[in-house]
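What follows is a single structure, written as structure tokens, with notes after it.
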Amino acid sequence: MIEIKGLSHSFGKHVVLQDVDLTVESGKVLGLVGINGAGKSTLFRLMTGIYKPQQGEVFYDGKSPLIDTTRQDIFLLPDDPYFTAQTTTKSMFKLYKTFYPNANKAVYNEIISYFGLDEKKPLRSFSKGMRRQAYIAIAFAIAPKYLLLDEAFDGLDPLARKMFKERIRKHVTENNATVIISSHALLELEEFCDDYVMIDEKHVVASGSALEERVNMCRYQMAFVETPNEAMFTAAGLKVVNLKITGRFVVGVFDGSKEEVLPKLQSLGPAVMDEIALNFEEAFIESLDKRIRRVE
Amino acid sequence: MVNYYKYRISKSIPTMIVTIVFGLLMGLSTFITRLGGYYDSKRFPIVSLDAFSVLFFIEAFALAYLEFSSFRNKRNLDTWFSFPLSREKIAMVHMANVFTIYAVQTFVFSILGMALMSLYSGFNYLYFIVAMFAMMIYYFLVFCFISATFLFGNSVQDGALSVIGWINLPSAITSAYYMILSYADEEYYLFRSESVSLSVNAPINSLITKLEYLINERNYKAYVKYVKAHQDYFYDRYFDADLSTGKIVSICVWAVLLIVAAIALPKLFSSRPTEKIAGVSDFFLCFDFLIPFYTLFFIAVTQESIVLKLFFIPTAYVAYCYYRKSPKITIKRFIVLIVLFVIACIPFLDILGISNSYIF
């Protein structure tokens, strides 16, 4: 289990994280979201001992990551991992093997072969996605109890993403591992993660379904007898967040509670109308948009 | 830790080969020169010992750069510092790696020296072995000193500036002082050439050696004489063939300093906050001090050329902007800069009642 208690960190006068509390149970995949500069990477660095917390503590099963033996169970895959001009996938494994003696070469080779990476070619000659694939292979070869993935899906093609997600799920199930993934691919996180948290304004502001609950928005799909247009929705007093019109079919996201929106939509006389749950991305955007507008 | 050490050694083989070749070249040239006869060698100098000492300084700096520069790059630190090995242990491994390089280099160098010596009679091999050992710890000490200076900077550029600036600082102060002295008073005219020599040979006379000497005798004239003698310090003494108390004391001083450095360097390495790496240096004695100081130094030592003097001011401003990472200088920073410039002037001030008008 990962426990974060009262974690705060600043860069000079700029406070990045303040009083962050978070608990992640073992055997879970947690999504970590937030806008650029929200503090996701800083949180990862604090969680892995790269930064020493100015305030608060992080524990992995009661042990601090500032102790090097604790980090034997933790693997951070950074957004931009280290490699030199001469590093090949083969030499990279050799480096990681010195720090993680239990790293499994067979697993590594299997993933490298799956992705079709040439182990003799230098990493600098690879595309960003291919480099990511090489580091994914390292991560699963080490098979740590705690896997922290920063910008996890960045640069990966759909096939690689599929394989990556399957491997993560298998790793969690087989080893009761804990995985934390930060990504901007919110829809992907929503379908894949057991839970997710959002970092905004220096805090973990929403966790899991609480994010949807704090968003005052609803989504409907409708069919009309006559071809509809956007003007009729605004004329009905609806605040349109998003509207997709395909012939006589409409899927729309509207600002306001169900009680406010539903009567206005009914006044437009749709032939059929159903409420659909908001997805994570919409909730995320709405939540941040409101906060930013409030600040402005 | 052991695994990482083995990994580092395996990665350092090309470096080791280069240092061995360099050591052998130096050894061959030195021994051939010396064994050919001291006076002959002066007449037909095959190699310049000054140059080789400079190369040893460069070697120490190159090794410090190779071992620690990847830790001055922010991108790398997410990987390095999340590894399950403490920062102190990482630094210790890198130091052990360099010590191994020096040990191998010195060993090969010694074998060559012994082989050449065996062709002649009358050499004290015990002294030679002790001298080789002393040389090894001396150069490793220089490496530790350079590494520490390098690690005070938040970036490779900061580190390089600190190394070059601080290693040369005592020589710069002394040579500028003599330069001013010689211009101010004919009696001191001879010091002028010594001051140039001090500037040129600055790396030879590292801070460590200076301190060691100056602690014993605060006499600048004697210091200049010492500088002359020091250039051949390691090499000519093979012919002395004795282990005097003074030499033993020197070796002990180096050894003690080395132990202190071996403990302090990993602590310094781990104490630098990761957040500050790749940022503007926050070390007061880095560019904030060194740029005004050396601007003043260069103005002081280029007395004949007003054009050069005028060239240093804009150059210093460009260098300052480079290190500051901004062309803007706020009023607060401008005041700090003026204060630092005044502080940097202190070594050049007229402390003996002699005119310092040549500075400005």
Side-chain angles (χ1 to χ4, degrees), chain A residues 9-12 14 16 41-42 44-54 60 63-87 91-103 135 138-139 142 144-151, chain B residues 1-15 65-94 96-97 154 156 266-267 269-282 325-326 330 332-333:
Chain A
H9 205 76
S10 323
F11 298 118
H14 176 57
V16 180
S41 296
T42 302
F44 275 137
R45 288 180 183 124
L46 289 163
M47 289 175 74
T48 45
I50 296 165
Y51 290 168
K52 291 172 185 168
Q54 290 156 352
Y60 292 81
K63 293 183 286 181
S64 167
L66 296 173
I67 300 163
D68 44 347
T69 48
T70 309
R71 294 202 298 275
Q72 196 70 53
D73 293 328
I74 308 166
F75 181 81
L76 170 69
L77 178 49
D79 177 30
D80 193 5
Y82 164 82
F83 64 91
T84 65
Q86 293 79 35
T87 306
S91 67
M92 189 174 73
F93 182 80
K94 200 177 165 190
L95 171 66
Y96 279 82
K97 181 83 177 169
T98 63
F99 293 103
Y100 301 94
N102 296 328
Y135 283 98
I138 288 280
I142 292 166
K145 192 171 178 198
Y146 299 100
L147 184 55
L148 310 181
L149 307 163
D150 198 2
E151 305 295 347
Chain B
M1 192 171 167
V2 175
N3 285 344
Y4 184 47
Y5 172 71
K6 286 179 188 167
Y7 173 84
R8 284 299 310 166
I9 286 289
S10 71
K11 286 282 165 191
S12 300
I13 287 170
T15 310
Y65 176 83
L66 286 171
E67 295 300 322
F68 295 113
S69 63
S70 60
F71 301 104
R72 304 289 93 181
N73 182 337
K74 206 177 190 111
R75 184 176 76 84
N76 300 342
L77 299 181
D78 286 347
T79 304
W80 282 111
F81 292 164
S82 64
F83 280 145
L85 191 65
S86 72
R87 293 175 204 192
E88 286 191 23
K89 285 176 186 167
I90 288 175
M92 283 158 74
V93 167
H94 285 257
N97 187 44
N154 285 340
V156 170
K267 293 205 179 295
F269 179 79
S270 63
S271 68
R272 299 295 291 155
T274 316
E275 299 91 315
K276 290 185 175 175
I277 301 301
V280 173
S281 175
D282 59 338
K325 293 186 176 171
S326 167
T330 58
K332 186 183 164 190
R333 222 172 161 80

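Below, chains carry the letters A, B, ... as their sequence lines are ordered, and counting in each starts from 1.
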Could you give me the CA-CA distance, side-chain angles and deciding distance for B:Phe71 and B:Ile90, then say whether side-chain contact (heavy atoms from CB on, under 4.5 Å) is met? CA-CA 10 Å; B:Phe71 301 104; B:Ile90 288 175; 3.6 Å; yes

Show, in sequence, the C-alpha distance, side-chain angles and deciding distance for B:Glu67 and B:Arg8, and conclude whether the salt bridge (Lys or Arg N to Asp or Glu O under 4.0 Å) test is met. CA-CA 9 Å; B:Glu67 295 300 322; B:Arg8 284 299 310 166; 3.3 Å; yes

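More than 12 heavy-atom neighbours from other residues, nucleotides or ligands sit within 6.0 angstrom of OH on B:Tyr5.
Both the backbone and the side chain of A:Phe99 come within less than 4.5 Å of a heavy atom of chain B. Contact of B:Lys89 with chain A is made through the side chain alone, with heavy-atom distances under 4.5 Å. A:Leu77 does not touch chain B: none of its heavy atoms, backbone or side chain, sits under 4.5 Å away. Residue B:Lys6 does not touch chain A at all, counting heavy-atom pairs closer than 4.5 Å.
Chain A forms more heavy-atom pairs under 4.5 Å with one residue of B:Asn3, B:Asn73, B:Asn76 than with any other, namely B:Asn76. Ranked by heavy-atom pairs shorter than 4.5 Å toward chain A, the options B:Tyr7, B:Phe83, B:Phe81 are led by B:Phe83.
Counted by atom type alone, A:Arg71 and B:Ser86 present zero donor-acceptor pairs between their side chains at under 3.5 Å. If you check the side chains of B:Tyr4 and B:His94, you find a donor sitting under 3.5 Å from an acceptor.
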